[in-house]
Amino acid sequence: MIELQHLEKQYGGTFAVRDLSLVFPEGELTALLGPSGCGKTTTLRMINRLIEPGGGRVLLDGRDTRDLRPEVLRRGIGYVIQQIGLFPHLTIAQNVATVPDLLGWDRQRTARRVDELLELVGLDPAVYRSKKPGELSGGQAQRVGVARALAADPPVLLMDEPFGALDPLARDRLQQAFRAIQQRLRKTVVLVTHDIDEALRLGDRIALMNAGTLAQFGTPAELIHRP
Ligand code: ADP
Ligand code: ADP
C-alpha cells in the first residue's frame, strides 16, 4: 500500500502539488486522472523519489520512503513512462534484464525470467528476445517497457501515460493486454492519465486531481453516479 500524507511541491513559489493526502490500496490499480499541468507527474515522481517532496510524506507499506535505500526503491517500484527509452544498442532480452543484471541474478534465472515476461506481455520470446528496439513498433516497445518494469517482480508499478504515444488501435490492444496482466498479478498500480475513458476502463479506483490537489476519489461507479 502507498500512502501520501500532506504531500507538496512548489516550483518558483507556485504549488504544483498541494496538501495531497491519499491512499493507493494494495493490489489495486488507481488511475491518477486530471488535466495537463494539474500535478500528476510530479506526484508520481515523488512516490519513487525521482522528485524530492517539498513537504509531507510518502509511506510504502507503512515505511517512510525517506528511510528506504535507493536500491530498495528501485527494486520495489517498477516505472513505465510514455517514451519508454529502451537502450537501442541492446537486445530486447538485455533491455528486459536491466534490473536483474543490476541485482546480479545468474544468467539462467535471468533468461528464464525474460522469456516468462515476454510471454506475459504477448511477445513470442523465440521471435523477439534477440531483436533490437529499432525493429519494434511503438506498441511492441511499450510491451517491452512493461516487461522491463516487472522484471524483479516489484509490488508497486508506477505508470505515466504508458499508452499515450500509441495510435488508437495499438493503445486499445495494449490496454486490454495490461488489464489481463493486472488481473493476474494484482500489483499496486498508479496510472497517470488525462484520458477519462482509460481511467474508467482500467481503474479500480480513480483519484481525480485538479490544480495540485485531490478533487475526488472513488471507484468508477461512484464517480460516474456522483452529481
Ligand atoms: P501533469 O503531470 O498533471 O501534466 P506536472 O506534474 O507535470 O502536471 O506539472 C504540474 C505543474 O508544475 C505544472 O504547472 C508544471 O508546469 C509545473 N512543473 C512541473 N515540473 C516543473 C519543473 N521542473 N520546474 C518548474 N515547474 C514545473
Ligand atoms: P508530461 O509529458 O509528463 O506532461 P512535460 O512535457 O510536462 O511532461 O514535462 C517534461 C519534463 O519537464 C518533466 O521533467 C517536468 O518536470 C519538466 N517540466 C514540466 N513543466 C515545467 C516547467 N514549467 N518548467 C520547467 N520544467 C518543467
Side-chain angles (χ1 to χ4, degrees), residues 2-25 28-60 64-66 68 70 73-74 76-86 138 141-142 145-146 148-149 154 156-168 170-171 174-175 178 182 187-220 222-224 226:
I2 309 166
E3 184 167 2
L4 313 182
Q5 295 181 339
H6 307 290
L7 201 61
E8 68 174 56
K9 183 73 185 177
Q10 296 186 38
Y11 291 110
T14 305
F15 280 100
V17 174
R18 178 169 215 161
D19 195 22
L20 182 64
S21 295
L22 176 60
V23 170
F24 298 100
E28 292 194 5
L29 188 151
T30 302
L32 197 53
L33 175 69
S36 183
C38 75
K40 305 182 297 295
T41 294
T42 303
T43 300
L44 197 75
R45 290 182 182 172
M46 286 195 281
I47 295 173
N48 62 3
R49 299 197 99 79
L50 285 177
I51 295 177
E52 205 47 38
R57 302 202 296 169
V58 179
L59 304 180
L60 205 57
D64 192 324
T65 53
R66 247 180 317 210
L68 299 176
L73 275 182
R74 289 294 160 276
I77 301 181
Y79 185 47
V80 183
I81 56 176
Q82 186 174 109
Q83 298 295 346
I84 196 60
L86 299 177
Q142 280 311 91
V146 171
R148 183 168 72 178
V156 173
L157 201 55
L158 306 182
M159 309 180 87
D160 195 343
E161 302 272 6
F163 316 118
L166 303 175
D167 63 75
R171 180 184 309 143
L174 194 50
Q175 284 173 341
F178 186 73
Q182 172 59 6
K187 302 286 180 189
T188 304
V189 184
V190 183
L191 173 78
V192 162
T193 181
H194 62 264
D195 179 346
I196 295 173
D197 291 334
E198 182 169 301
L200 292 172
R201 220 169 151 187
L202 296 180
D204 299 304
R205 315 262 164 180
I206 297 177
L208 183 63
M209 282 185 78
N210 186 32
T213 63
L214 186 65
Q216 291 190 37
F217 183 82
T219 63
E222 285 167 351
L223 293 196
I224 286 174
R226 202 165 289 176

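Here, residue 1 is the first one in the sequence, and each next residue gets the next number. This structure is a prediction, so every number in the text was calculated from the model and none was measured. Order of listing sets the numbers, starting from 1, for every ligand and every atom in it.
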*Any idea which atoms of ligand 1 are less than 4.0 Å away from a heavy-atom of Pro35?*
3 (O)

*Considering only heavy atoms, which of Thr42, Leu33, Val17, Thr193 lies nearest to atom 5 (P) of ligand 1?*
Thr42

*Quick one: which of Ser36, Gly37, Ala211 has a heavy atom closest to atom 11 (C) of ligand 1?*
Gly37

*How long is the gap from CG on Asp160 to CG on Leu50, to the nearest 0.5 Å?*
10.5 Å

*Any salt bridge (charged side-chain N to carboxylate O under 4.0 Å, His left out) pairs touching residues 196-213, not counting sequence neighbours?*
Glu28-Arg205, Asp172-Arg201

_Verdict with supporting geometry, Leu29 and Phe178, side-chain contact (heavy atoms from CB on, under 4.5 Å)_ = CA-CA 11 Å; Leu29 188 151; Phe178 186 73; 3.6 Å; yes

_Test of understanding: with side chain to side chain contact (heavy atoms under 4.5 Å, CB included), list the residues that count as partners of Glu3, not counting sequence neighbours._
Met1, Gln5, Val23, Leu59

*Report the member of Met209, Met46, Glu161, Lys40 with the shortest heavy-atom distance to atom 3 (O) of ligand 1.*
Lys40

